[in-house]
Structure formats: structure tokens, C-alpha cells
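Take a look at the structure below.
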Amino acid sequence: MVTVISSLIMLLLFFSELQYYLTKEVHPELYVDTSRGEKLKINIDTIFPHMPCAYLSIDAMDVAGEQQLDVEHNLFKKRLDLGGNIISSEVEKHELGKQDEVFNATKLDPGRCESCYGAESEDMKCCNTCADVREAYRRKGWAFKNADSIEQCMREGFTQKLQEQKNEGCQVYGFLEVNKVAGNFHFAPGKSFQQSHVHVHAVEIHDLQTFGLDNINMTHYIRHLSFGSDYPGIVNPLDGSNITAQQASMMFQYFVKIVPTIYVKLDGEIVRTNQFSVTRHEKVANGLIGDQGLPGVFVLYELSPMMVKFTEKHRSFTHFLTGVCAIIGGVFTVASLIDSLIYYSARAIQRKIELGKAS
């Protein structure tokens with residue numbers, strides 16, 4: 001009986017050791033990141049269930065507050081209904097910092113000079129598009145309230161586009177490839193623009209309120225956010241995050257610390273990617289008063305000067321043999337002790353029984 005049980009235990013432990021030996025061993029190393037001139041790829045898949053695609057803009061900026069230049073991107077917007085279902089199979093490619101036009105401007109006289117409706121200035125005497133009129137109003141500090149009375153906006157279908165998507169949501173997905181320096185990218189309502197080299201959305205909030213978004217709802221669901229390619233065992237802490245805005249016009253800030261990472265596979269393939277940690281902060285924002293910020297989702301990232309390198313290796317065969325020998329020797333020794341204990345105990349009991357019979 002002891003022999004059978006010992007054999008089963010040795011067999012079980014042997015297969016456990018074999019399974020451990022066949023797995024890969026990952027060796028971590030830490031050193032200073034000396035790489036230069038590389039790009040940072042940001043993979044995005046986020047759903048805004050209460051923010052229409054027509055209102056939502058995405059921008060990437062560097063640490064100095066300047067809009068990122070030479071940004072390669074492939075971002076798309078997909079319209080969703082209030083239940084989160086896709087409204088149309090067509091997707092809209094988003095251009096960073098650009099306003100989409102819904103009419104063909106080439107059909108108009110390129111030398112025309114249209115009215116700014118009282119908002120003309122020395123450096124802006126003509127307003128040939130709806131965006132020009134809005135910019136002229138912004139410079140005057142006027143609220144842009146009634147687009148239906150502006151011929152340029154009516155021609156471009158500005159009001160119709162906003163009203164069509166008023167009760168919709170939006171899914172934004174794709175990637176950005178930016179310079180590998182600290183910066184941020186953000187999702188905010190309204191068209192963005194530069195004012196004195198500062199990135200501004202504030203006046204656009206006025207425009208949005210005109211069309212019924214007084215209570216801007218920045219509830220969002222982050223399906224996926226990563227900074228580079230995936231590798232075995234990577235953890236993206238924001239994947240699957242469902243954040244509900246408890247109040248109107250909230251600003252969500254994600255402070256991300258990126259750690260450059262190299263993963264070397266057994267076959268020699270090298271994956272250059274990044275890990276990250278994140279801290280979230282939220283507050284009620286009003287872009288028109290002081291420095292309270294703007295409603296939106298802001299991801300502010302900075303890079304660690306240290307780099308982590310993971311290298312896959314086969315486990316040592318000598319360690320496997322040592323483990324197998326230890327299993328066999330250990331089980332054999334323990335089984336021998338148990339067998340001897342049972343044998344001598346049985347003999348002692350049998351002698352007592354024989355002595356009892358003799359007396």
C-alpha cells in the first residue's frame with residue numbers, strides 16, 4: 001500500500017515539475033533609457049454614450065501646450081444611439097484640429113468677401129465660411145447664438161448636422177503616433193483652435209449650449225487604451241473602465257506615467273512597447289470662468305527615464321533534473337520511514353498480543 005501511494009505521489013510531482021520546466025522564464029532588467037527620436041503609438045478605443053460625434057473633437061498636444069506637429073493618426077468616429085448600438089456602418093475619419101465641411105467650397109467664387117455680420121475687424125474683414133463667422137464673433141467676445149440667421153452656416157448645414165446627432169453617442173477608435181515627449185491628448189466638446197499659441201475650446205462651449213448641451217455629459221467607457229504593442233502578460237490598467245459623470249460639465253484627468261519596455265521573445269523577436277500606471281482626477285469644469293478647466297477627458301502623459309527589458313528564456317535542464325531527483329529521493333525517504341514505522345509498530349503490537357495469550 002505504501003509503495004502504491006508513494007509511486008502515485010512521485011508521478012504527480014514529476015508531471016508538475018515537467019510542466020514547470022516547459023514554461024518560459026522571463027528575466028526582467030532595468031536600465032536608463034537612452035533611445036532618441038522614436039515615436040509613441042497611442043491605441044484608443046473609447047465610447048461616449050451621451051456625446052454626439054459632431055460635437056466631439058480630439059487633439060494631441062505636447063508639454064508646452066503647442067499642438068503636436070507631424071502626428072500620424074488613424075482615428076475614426078462611429079455614431080451610436082442611446083442604447084450603444086451602431087447607427088450606421090459608415091465611419092467618419094477624424095482629422096486632428098480640423099473642422100469638417102459638408103459642402104463643396106470649390107463651387108463658390110474664391111475671390112468673394114462675405115459679411116461677418118457686424119464682427120468685422122482690421123485683420124478679419126471677410127467671413128466666407130461658418131467657421132470664419134464664429135471666429136470673428138470669438139474675437140469680439142460675442143456669443144454665437146443663432147446659426148440659422150447666418151447664411152454661411154445655413155449653406156454648410158451647420159445647424160442640421162448638430163441637431164441630427166443631438167441625442168446620440170460616439171465611439172472613437174484608432175491610433176495616434178506622436179513624438180516621444182511628454183504631452184497630452186484629450187476628448188472635448190466643440191471645435192478647438194489656437195489663441196495666442198494657447199489651445200482653446202471655451203467659446204465652443206457657448207456654441208454647444210445654444211444647441212441644447214447645457215448639461216454636457218462626459219460619461220465614458222474606455223474599452224482599450226495602450227501605448228504601443230501588446231506582449232505576453234502586459235496589463236493595461238484602464239481597459240474596461242466605465243466612468244460615469246456624476247454631475248454636468250465634468251472634467252476627467254488621467255495622469256499617466258509611461259515606462260518604456262522591451263520584450264525579447266524566445267525566437268529572437270523584439271517588441272518595443274510601453275507599460276503605464278495611471279491616476280484619475282475629476283472635477284466640475286466651467287471653461288468660461290478662471291482656471292476651472294473645460295469639460296472633457298484629458299490624458300496627460302509623461303515618460304520615465306528608466307526602461308524595463310524582459311527576456312524570455314528556457315528553464316535550466318539541470319534544475320529540472322535536480323528537481324526530479326529531489327522528488328524521487330524525498331518521496332523514497334519519507335516512504336521508507338513510514339514503512340518502517342508501520343512495520344515495527346505492527347511487530348510490537350503482535351508481541352503484546354502473544355504475551356497476553358501466554359499469561
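Note that these values count all heavy atoms, side chains included, but never hydrogens, waters or copies made by symmetry. Here the structure is a predicted model, which is why all the values come from computation and not from measurement. By convention here, the first residue in the shown sequence is residue 1.
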query: Please walk me through it: do Asn43 and Ser226 pass side chain to side chain donor-acceptor pair (under 3.5 Å)?
result: CA-CA 5 Å; Asn43 303 298; Ser226 63; 3.0 Å; yes

query: Which heavy atom in Ser115 sits nearest to a heavy atom in Glu120, and how many Å separate them?
result: OG-OE2, 3.7 Å

task: Test Tyr263 against Glu312 for side chain to side chain donor-acceptor pair (under 3.5 Å), laying out the working first.
output: CA-CA 8 Å; Tyr263 193 93; Glu312 288 184 351; 2.6 Å; yes

- request: Say whether, by atom type as modelled, one donor and one acceptor occur between the side chain of Ser16 and the main chain of Leu12 under 3.5 angstrom.
  value: no

message: Quick one: does any side-chain atom of Thr46 pair with a main-chain N or O of Ile222 as donor and acceptor, under 3.5 Å?
response: no

message: Please tell me whether Leu80 and Ile87 are part of a single hydrophobic cluster in this structure, the criterion being side-chain heavy atoms less than 4.5 Å apart.
response: no

message: How long is the straight-line distance from CZ of Phe298 back to CG of Leu300, given to the nearest 0.5 Å?
response: 8.0 Å

message: Let's go through His27 and Phe310 carefully: what are the C-alpha distance in whole Å and the side-chain angles of both, what is the deciding distance for ring pair (Phe, Tyr, Trp, His ring centres under 6.0 Å) to 0.1 Å, and is it a yes or a no?
response: CA-CA 6 Å; His27 288 269; Phe310 295 107; over 10 Å; no

message: Give me the atom names and distance for the closest heavy-atom approach of Tyr137 to Ala119.
response: CD1-CB, 3.9 Å

- prompt: Would you say His319's side chain and Phe317's backbone share a donor-acceptor pair under 3.5 angstrom?
  reply: no

message: Side chains of Asn236 and Gln275: any donor to acceptor distance under 3.5 Å?
response: no

- request: Dump the intermediate steps for side chain to side chain donor-acceptor pair (under 3.5 Å) on Thr23 and Arg315, then the final yes or no.
  value: CA-CA 7 Å; Thr23 59; Arg315 297 191 184 277; 3.0 Å; yes

- request: Quick one: closest heavy-atom pair of Val271 and Ser229, and the distance?
  value: CG1-CB, 4.1 Å

- line: Here the pair of heavy atoms bringing Val133 nearest to Cys127 is CG2-CB, 3.7 Å

message: If the threshold is 4.0 Å, N to carboxylate O, is there a salt bridge linking Arg280 and Glu282?
response: yes

task: Applying side-chain contact (heavy atoms from CB on, under 4.5 Å), run through Val278 and Lys257 and close with a yes or a no.
output: CA-CA 6 Å; Val278 61; Lys257 189 75 171 182; over 6 Å; no

task: Taking only Lys NZ, Arg NE, NH1 and NH2, and the carboxylate oxygens of Asp or Glu, determine whether Glu38 and Lys180 approach each other closer than 4.0 Å.
output: yes

query: Do Leu75 and Val178 belong together in a cluster built from hydrophobic side chains that touch within less than 4.5 Å?
result: yes

- request: Start with the C-alpha distance between Met51 and Cys170, add both sets of side-chain angles, then the distance that settles side-chain contact (heavy atoms from CB on, under 4.5 Å), and finish with yes or no.
  value: CA-CA 6 Å; Met51 181 57 61; Cys170 188; 5.6 Å; no

- prompt: Taking the side chain as C-beta and beyond, is there a heavy-atom pair between Asp59 and Ser57 under 4.5 Å?
  reply: yes

query: Would a hydrophobic clustering, with Ile, Leu, Val, Met, Phe, Trp and Tyr connected at side-chain separations under 4.5 Å, put Ile258 with Leu238?
result: yes

Flag side-chain contact, heavy atom, 4.5 Å: Val324 against Ile328: yes

Donor-acceptor contact present, side-chain Asp81 to main-chain Gly83, <3.5 Å: yes

query: Is Cys116 close enough to Cys126 that their SG atoms are under 2.5 Å apart?
result: no

task: Kindly say whether Pro52 contributes a backbone atom to a donor-acceptor pair with the side chain of Lys77 at under 3.5 angstrom?
output: no

query: So, does Thr219 use its side chain to make a donor-acceptor pair with the main chain of Ala245 at under 3.5 Å?
result: yes

- line: So CZ of Phe76 and CZ of Phe175: to nearest 0.5 Å the spacing works out to 8.5 Å

- line: Exactly one of Gln171, Glu168, Arg79 clears side chain to side chain contact (heavy atoms under 4.5 Å, CB included) with Cys53, and that residue is Arg79

side-chain contact (heavy atoms from CB on, under 4.5 Å) between Ile42 and Leu225, intermediate numbers included: CA-CA 7 Å; Ile42 306 171; Leu225 178 64; 4.1 Å; yes

Electrostatic pair Arg155:Glu114 at N-O distance under 4.0 angstrom: yes

Check against side-chain contact (heavy atoms from CB on, under 4.5 Å), Ile86 and Lys78: CA-CA 7 Å; Ile86 297 172; Lys78 191 176 290 185; 3.6 Å; yes

message: What verdict does the side chain to side chain donor-acceptor pair (under 3.5 Å) test give for Thr129 and Gln152, after you've listed the backbone C-alpha separation in whole Å, the side-chain angles of each residue and the deciding distance to 0.1 Å?
response: CA-CA 5 Å; Thr129 66; Gln152 293 90 321; over 6 Å; no

- request: Give, for atom OH of Tyr21 and atom CG of Leu321, the distance between the pair rounded to the nearest 0.5 Å.
  value: 8.0 Å

field: Common cluster, Ile234/Leu30, ILVMFWY with side-chain heavy-atom separation under 4.5 Å
entry: yes

message: One thing to verify: whether Glu177 and Lys39 come together as a salt bridge, which I'm taking to mean a side-chain N less than 4.0 angstrom from a carboxylate O.
response: no

- prompt: Between Val308 and Val32, is there a shared hydrophobic cluster once you connect ILVMFWY residues whose side-chain heavy atoms come closer than 4.5 Å?
  reply: yes

task: Find the distance between CG (Leu294) and NE2 (His186) and round it off to the nearest 0.5 Å.
output: 8.0 Å

- prompt: At what distance, to the nearest 0.5 angstrom, does CZ of Phe320 lie from SG of Cys325?
  reply: 9.5 Å

Side chains of Thr261 and Thr273 in contact at under 4.5 Å (non-hydrogen atoms): yes

query: Looking at side-chain heavy atoms only, is the closest gap between Lys41 and Phe227 below 4.5 Å?
result: no

query: What are the two closest heavy atoms between Met10 and Ile327, and how far apart are they?
result: O-CG2, 4.1 Å

field: Where Leu176 and Ala60 come nearest, the two heavy atoms and their spacing
entry: CD1-CB, 4.4 Å

- prompt: Do Ile47 and Tyr173 have side-chain heavy atoms sitting under 4.5 Å apart?
  reply: no

task: Would you indicate whether Tyr31, at its atom OH, is surrounded by more than 12 heavy atoms from other residues, nucleotides or ligands within a distance under 6.0 Å?
output: yes

- line: dist Asp239:CG -> Ser241:OG (nearest 0.5 Å) comes out at 7.5 Å

query: Under a 4.5 Å cut-off applied to non-hydrogen side-chain atoms, are Leu266 and His314 in contact?
result: yes

- prompt: Is any NZ, NE, NH1 or NH2 atom of the basic residue among Asp132 and Lys125 found under 4.0 Å from an Asp or Glu carboxylate oxygen of the other?
  reply: no

